[in-house]
**Student:** 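I'd like to ask you about the structure that follows.
All residue numbers refer to positions in the sequence shown, counting from 1. Basis for what follows: all heavy atoms, side chains included, without hydrogens, waters or symmetry-related copies.
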Amino acid sequence: MAPRNRSLSRAAALGMTAAAVALLTGCTPSTGTTHSSPPNTAETASSSPQTPTQPANSAASNGSGGSSTSGGSGSSAASPRPTTANAPARTDACRSLPVPATVKADVTAAYGTQAGPRLTHITPVKGTFYYGSCDGTFYAGTRFQLTPGSTEAEQVALQDDGSVMKYFIDRPGTGWTYLASDPFPASPEGCAAIPEIPAHLSALWNDCRS
């Protein structure tokens, strides 16, 4: 080959080599760019757990709240409701009361009207009048004696069993009415032997034994 051609061939070869080097050198920045992406990915990955962490805590909080709510409603549903069967037994609300003069007059009039024969010359024996109430119902008990001007019929009526204790009741809206009498002779148990008089009230009256 002629020297000139050889020189051309070498020059061509060097040019191709230089082009190849330039090509390889030009790809290097692209490669660096490619390798720079992992740090960005790592940063994103490292920050990404923080995003689900808050919802996770929120979900846990909501879960505990839901559990608390359901537990509260469950315990409420399980709690037994009070019933009358569990309620304490009620005792009679009885009271012994001071005797107003009007009560004495009304009881005396009630007995005089309902007795046979009718009695107008009677009055309660002093120290024998009992008065009280149980659950809104009023009770009274007394013995009667004649007053001046009594008739023979009244005198007969108040002999023997007519002189024993008489018991009366005043239910709401009814007024005083005759209820019962002691037997003749009277029981040593006093008004405790009278079933129409509540036992608690009888005890407050000392069983009507003056």
Side-chain angles (χ1 to χ4, degrees), residues 71-210:
S73 61
S75 64
S76 175
S79 300
R81 294 180 178 272
T83 61
T84 53
N86 296 330
R90 182 185 175 194
T91 57
D92 289 339
C94 294
R95 296 179 300 163
S96 180
L97 302 171
V99 188
T102 54
V103 170
K104 286 186 177 182
D106 291 344
V107 168
T108 301
Y111 182 61
T113 301
Q114 297 168 33
R118 186 184 180 94
L119 304 173
T120 56
H121 297 85
I122 58 172
T123 189
V125 175
K126 187 176 181 179
T128 67
F129 202 103
Y130 300 90
Y131 175 56
S133 67
C134 290
D135 297 328
T137 297
F138 293 88
Y139 297 86
T142 189
R143 286 189 289 117
F144 293 100
Q145 63 184 5
L146 294 170
T147 60
S150 62
T151 65
E152 184 177 352
E154 289 175 328
Q155 295 170 10
V156 172
L158 254 68
Q159 288 177 355
D160 301 334
D161 59 335
S163 63
V164 297
M165 287 283 294
K166 311 291 183 183
Y167 302 98
F168 303 84
I169 188 170
D170 180 9
R171 296 183 179 90
T174 63
W176 288 103
T177 57
Y178 171 75
L179 183 63
S181 294
D182 276 346
F184 183 80
S187 168
E189 296 180 2
C191 55
I194 306 302
E196 292 85 355
I197 300 298
H200 188 190
L201 183 59
S202 174
L204 293 176
W205 285 349
N206 193 31
D207 297 332
C208 307
R209 289 178 293 195
S210 301

**Student:** For the residue pair Val107 and Ala140, what are the closest heavy atoms and their distance?
**Tutor:** CG2-CB, 4.0 Å

**Student:** So, using side chain to side chain donor-acceptor pair (under 3.5 Å) as the criterion, who are the partners of Ser202 when residues are at least two apart?
**Tutor:** Asp207

**Student:** Do side-chain atoms of Thr113 reach the backbone of Ala110 as a donor and acceptor pair under 3.5 angstrom?
**Tutor:** no

**Student:** Which atom pair, heavy atoms only, marks the closest approach of His121 to Pro148?
**Tutor:** CD2-O, 3.4 Å

**Student:** Can you find a heavy atom in the side chain of Tyr139 that is under 4.5 Å from one in the side chain of Cys134?
**Tutor:** yes

**Student:** Of all the heavy-atom pairs spanning Ser181 and Val164, show the shortest one and how long it is.
**Tutor:** CB-CG2, 4.4 Å

**Student:** Take a 6.0 Å sphere around CD of Gln159 and say whether it holds more than 12 heavy atoms from other residues, nucleotides or ligands.
**Tutor:** yes

**Student:** Can you tell me how far the CG atom of Leu119 sits from the OG1 atom of Thr108, to the nearest 0.5 Å?
**Tutor:** 10.5 Å

**Student:** With Thr120, which residues qualify under side chain to side chain donor-acceptor pair (under 3.5 Å), at least two apart?
**Tutor:** Glu154

**Student:** Output every pair passing side-chain hydrogen bond (donor to acceptor under 3.5 Å, both in side chains) with a member in residues 167-177, not counting sequence neighbours, ordered by first then second residue.
**Tutor:** Tyr167-Asp182

**Student:** Check ring-ring contact (aromatic ring centres under 6.0 Å, His included) between Phe144 and all other residues, then give those that pass, not counting sequence neighbours.
**Tutor:** Tyr111

**Student:** So, for Gln114 and Tyr178, which heavy atoms are closest and what is the spacing to 0.1 Å?
**Tutor:** OE1-N, 2.9 Å

**Student:** One pair to check against side-chain contact (heavy atoms from CB on, under 4.5 Å): Phe129 and Arg143. What are the steps and the verdict?
**Tutor:** CA-CA 7 Å; Phe129 202 103; Arg143 286 189 289 117; over 6 Å; no

**Student:** Which value, rounded to the nearest 0.5 Å, describes the distance between Thr151 atom OG1 and Arg118 atom CZ?
**Tutor:** 12.0 Å

**Student:** Could you list the residues that satisfy side chain to side chain donor-acceptor pair (under 3.5 Å) with Thr137, not counting sequence neighbours?
**Tutor:** none

**Student:** Kindly compute the distance separating NE2 (His200) from CG (Asp135), expressed to the nearest 0.5 Å.
**Tutor:** 10.5 Å

**Student:** Restricting to non-hydrogen atoms, name the atom on Ala180 and the atom on Glu196 that form the minimum distance, rounded to 0.1 Å.
**Tutor:** CB-OE1, 3.8 Å

**Student:** With side chains defined as the heavy atoms from C-beta onward, is the minimum distance between Leu146 and Ile122 less than 4.5 Å?
**Tutor:** yes

**Student:** Rounded to the nearest 0.5 Å, what's the gap from OG on Ser96 to CH2 on Trp205? Could you check?
**Tutor:** 7.0 Å

**Student:** Would a 4.5 Å heavy-atom cut-off, applied to side chains only, mark Tyr131 and Lys104 as touching?
**Tutor:** no

**Student:** Looking at Arg209 and Pro188, would you say the former's side chain and the latter's main chain have a donor-acceptor pair under 3.5 Å?
**Tutor:** yes

**Student:** Taking all non-hydrogen atoms of both residues into account, name the closest pair between Cys191 and Ile197 and its distance.
**Tutor:** O-CB, 4.2 Å

**Student:** Looking at residues at least two apart in the chain, or sitting in another chain, which of them share a side chain to side chain donor-acceptor pair (under 3.5 Å) with Glu189?
**Tutor:** none

**Student:** May I have the step-by-step check of side-chain contact (heavy atoms from CB on, under 4.5 Å) for Gln145 and Thr147, ending in yes or no?
**Tutor:** CA-CA 7 Å; Gln145 63 184 5; Thr147 60; 5.8 Å; no

**Student:** Got Val103 and Phe138 here, is their nearest side-chain heavy-atom distance under 4.5 Å?
**Tutor:** no

